[in-house]
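Worksheet for the structure shown next.
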Amino acid sequence: MARIVILTGAGISAESGIRTFRAADGLWEDHRVEDVATPEGFARDPELVLRFYNERRAAAAAAEPNAAHRALAALEADGRHEVLVVTQNVDDLHERAGSRALIHMHGTLTGALCAACGARWPAPAVMRVTDPCPACAARAARPDIVWFGEMPYRMEEIWAALRAADLFVSIGTSGNVYPAAGFVADARHAGVETLELNLEPSMGTRFFDAARHGPATQVVPDWVAAMLA
Ligand code: APR
């Protein structure tokens, strides 16, 4: 049984119709990161930020998991390997495809977080600035999403899993955002074999032992089929 840690990014959900961040038609082409993905942006204009994530939440709800999400769930369900998916994505397509061992290191659109007291609750389809916190009643509801300048979730657990892994696979991520962009180097350091599956070579492609480039709905099911052959 191999222990496999799989990092995913926006590229795995692209063929489900969810926009990536850094493509020419990506989300960061239309929006300033500082406005919609920082605590300072939220403090300045919470309405704009909630509207941005309400749109993302609606897009995720309208999307369906694709063959790549399903292949990762099947690899886990097969039981021959110990699989952990660590996703930077805030959509819920991995869990809807059936992945169980899953860490949303950048949070999730389905969660709400009180900026005043830190309480968490399930996000309604449309979040409003007037929504009171169910715990402290403050009107400071924000999406439970990790913004720039904030610490990603469950990092100690992720690093421990990486160090203990036999194989690290990075899928559909450009390698621009740390700490996830550093996982390949962390894995190598620990003597873990590394594989990149991405549409094109990522920023860190040279650090991987092997890489296969192509659309996730092709390269991911092909890789899983080989693992289960
Ligand atoms: N199949 C495989 N890979 C794809 C596909 C596809 N169909 N379409 C695009 N890609 C690849 C792109 O080539 C690119 O390398 O997915 C990657 C997407 O990169 P980004 O848009 O930068 O997304 P990601 O790496 O997930 O971004 C990381 O940045 O702003 C943030 O917090 C946000 O979690 C996000 C983080």
Side-chain angles (χ1 to χ4, degrees), residues 6-42 49 52-53 55-57 59-60 63-72 85-94 97 102-111 113 142-155 158 168-185 194-208 210-224:
I6 301 168
L7 172 71
T8 67
I12 197 168
S13 295
E15 289 162 88
S16 292
I18 296 183
R19 292 164 74 188
T20 64
F21 295 95
R22 293 176 181 78
D25 60 349
L27 278 173
W28 296 155
E29 284 290 297
D30 299 349
H31 302 273
R32 282 160 39 102
V33 173
E34 314 86 87
D35 290 341
V36 296
T38 62
E40 295 77 17
F42 180 68
V49 174
F52 176 77
Y53 289 100
E55 287 167 8
R56 308 277 78 74
R57 193 176 302 105
E64 293 295 335
N66 65 44
H69 300 102
R70 289 196 300 270
L72 297 186
V85 175
V86 177
T87 189
Q88 299 168 89
N89 298 343
V90 295
D91 67 55
D92 58 357
L93 298 182
H94 281 302
L102 173 68
I103 296 180
H104 272 282
M105 64 178 289
H106 289 172
T108 157
L109 287 162
T110 57
L113 166 68
R142 54 168 279 184
D144 189 6
I145 294 206
V146 176
W147 286 327
F148 288 92
E150 297 181 323
M151 183 57 76
Y153 296 148
R154 298 169 66 181
M155 287 309 303
I158 295 169
F168 168 68
V169 186
S170 174
I171 303 175
T173 178
S174 63
N176 274 283
V177 175
Y178 284 81
F183 288 174
V184 59
T194 57
L195 169 67
E196 167 166 282
L197 303 176
N198 202 49
L199 187 60
E200 60 199 358
S202 72
M203 296 270 289
T205 196
R206 67 185 182 282
F207 297 117
F208 288 87
R212 284 173 220 162
H213 297 129
T217 58
Q218 289 173 24
V219 292
V220 177
D222 285 355
W223 169 69
V224 168

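Whatever order the structure lists ligands and atoms in, that order sets their numbers, starting from 1. Just the heavy atoms: all of them, side chains too, but no hydrogens, waters or symmetry mates, feed the values below.
Checked by atom type and distance alone, the side chain of Glu15 pairs as donor or acceptor with a backbone atom of Thr217 at under 3.5 Å. In terms of modelled atom types and a separation under 3.5 Å, the side chain of Asn198 and the main chain of Thr173 share a donor-acceptor contact. With hydrogens and angles ignored, the 3.5 Å screen pairs a side-chain donor or acceptor of Tyr53 with a backbone N or O of Val36. In this structure, Ser170 contributes its side chain and Glu196 its backbone to no donor-acceptor pair below 3.5 Å. Although no hydrogens or angles enter the test, the distance criterion places no donor-acceptor pair under 3.5 Å between the side chain of Asn89 and the main chain of Asp91.
Between Leu195 and Trp223, the closest side-chain pair of non-hydrogen atoms falls below 4.5 Å. Counting heavy atoms from C-beta on, the side chains of His213 and Val219 never come closer than 4.5 Å.
For atom 18 (C) of ligand 1, the closest heavy atom belonging to the protein is Gly172 O, 3.8 Å. Of the protein's non-hydrogen atoms, the one nearest atom 28 (C) of ligand 1 is Gln88 OE1, 3.4 Å. Distance from atom 1 (N) of ligand 1 to its nearest protein heavy atom, with residue and atom name: Ala216 N, 2.8 Å. Remark: minimum distance from atom 36 (C) of ligand 1 to any protein heavy atom is reached at Val177 CG2, 3.7 Å. Ranking the protein heavy atoms by distance from atom 12 (C) of ligand 1 puts Glu200 OE2, 3.8 Å first. Considering only non-hydrogen protein atoms, atom 25 (O) of ligand 1 sits nearest to Thr173 OG1, 2.7 Å. Looking only at protein heavy atoms, the nearest one to atom 35 (C) of ligand 1 is Phe21 CE1, 3.5 Å. Closest to atom 11 (C) of ligand 1 among all protein heavy atoms lies Asn198 OD1, 3.4 Å.
At under 3.5 Å, not a single nitrogen or oxygen of Gly9, backbone or side chain, sits near a nitrogen or oxygen of ligand 1. Polar contact with ligand 1: absent for Asn176 (N/O pair, distance under 3.5 Å). When only interatomic distances are considered, the shortest N/O to N/O separation between Leu199 and ligand 1 falls below 3.5 Å.
Under 4.0 Å from ligand 1, heavy atoms of Arg22 appear from its side chain as well as its backbone. The proximity of His106 to ligand 1, defined as any non-hydrogen pair under 4.0 Å, is limited to the side chain. When heavy-atom distances to ligand 1 are checked against a 4.0 Å cut-off, Thr20 comes that close through both its backbone and its side chain. Both the backbone and the side chain of Ser174 come within 4.0 Å of ligand 1, counting heavy atoms alone.
Each of the following atoms of ligand 1 lies closer than 4.0 Å to a heavy atom of Ala14: 8 (N). Using a 4.0 Å cut-off to heavy atoms of Trp28, the atoms of ligand 1 that qualify are 30 (O). Using a 4.0 Å cut-off to heavy atoms of Glu15, the atoms of ligand 1 that qualify are 1 (N), 6 (C), 7 (N).
Between Phe183 and Phe168, the ring planes are perpendicular. Angles over 60° get that label, and only those under 30° would be called parallel. Phe52 and Trp28 have parallel rings, their planes meeting at less than 30° on a 0 to 90° scale where 60° marks the start of perpendicular.
The CD1 atom of Ile12 lies 11.0 Å from the CD1 atom of Ile18; values are rounded to the nearest 0.5 Å.
Residues passing the ring-ring contact (aromatic ring centres under 6.0 Å, His included) test with Phe207: none are found, sequence neighbours excluded.
Residue Pro215 places a heavy atom less than 4.0 Å from ligand 1.
A salt bridge is defined here as a Lys NZ or Arg NE, NH1 or NH2 lying under 4.0 Å from an Asp or Glu carboxylate O, and Asp222 with Arg212 fails to meet this definition.
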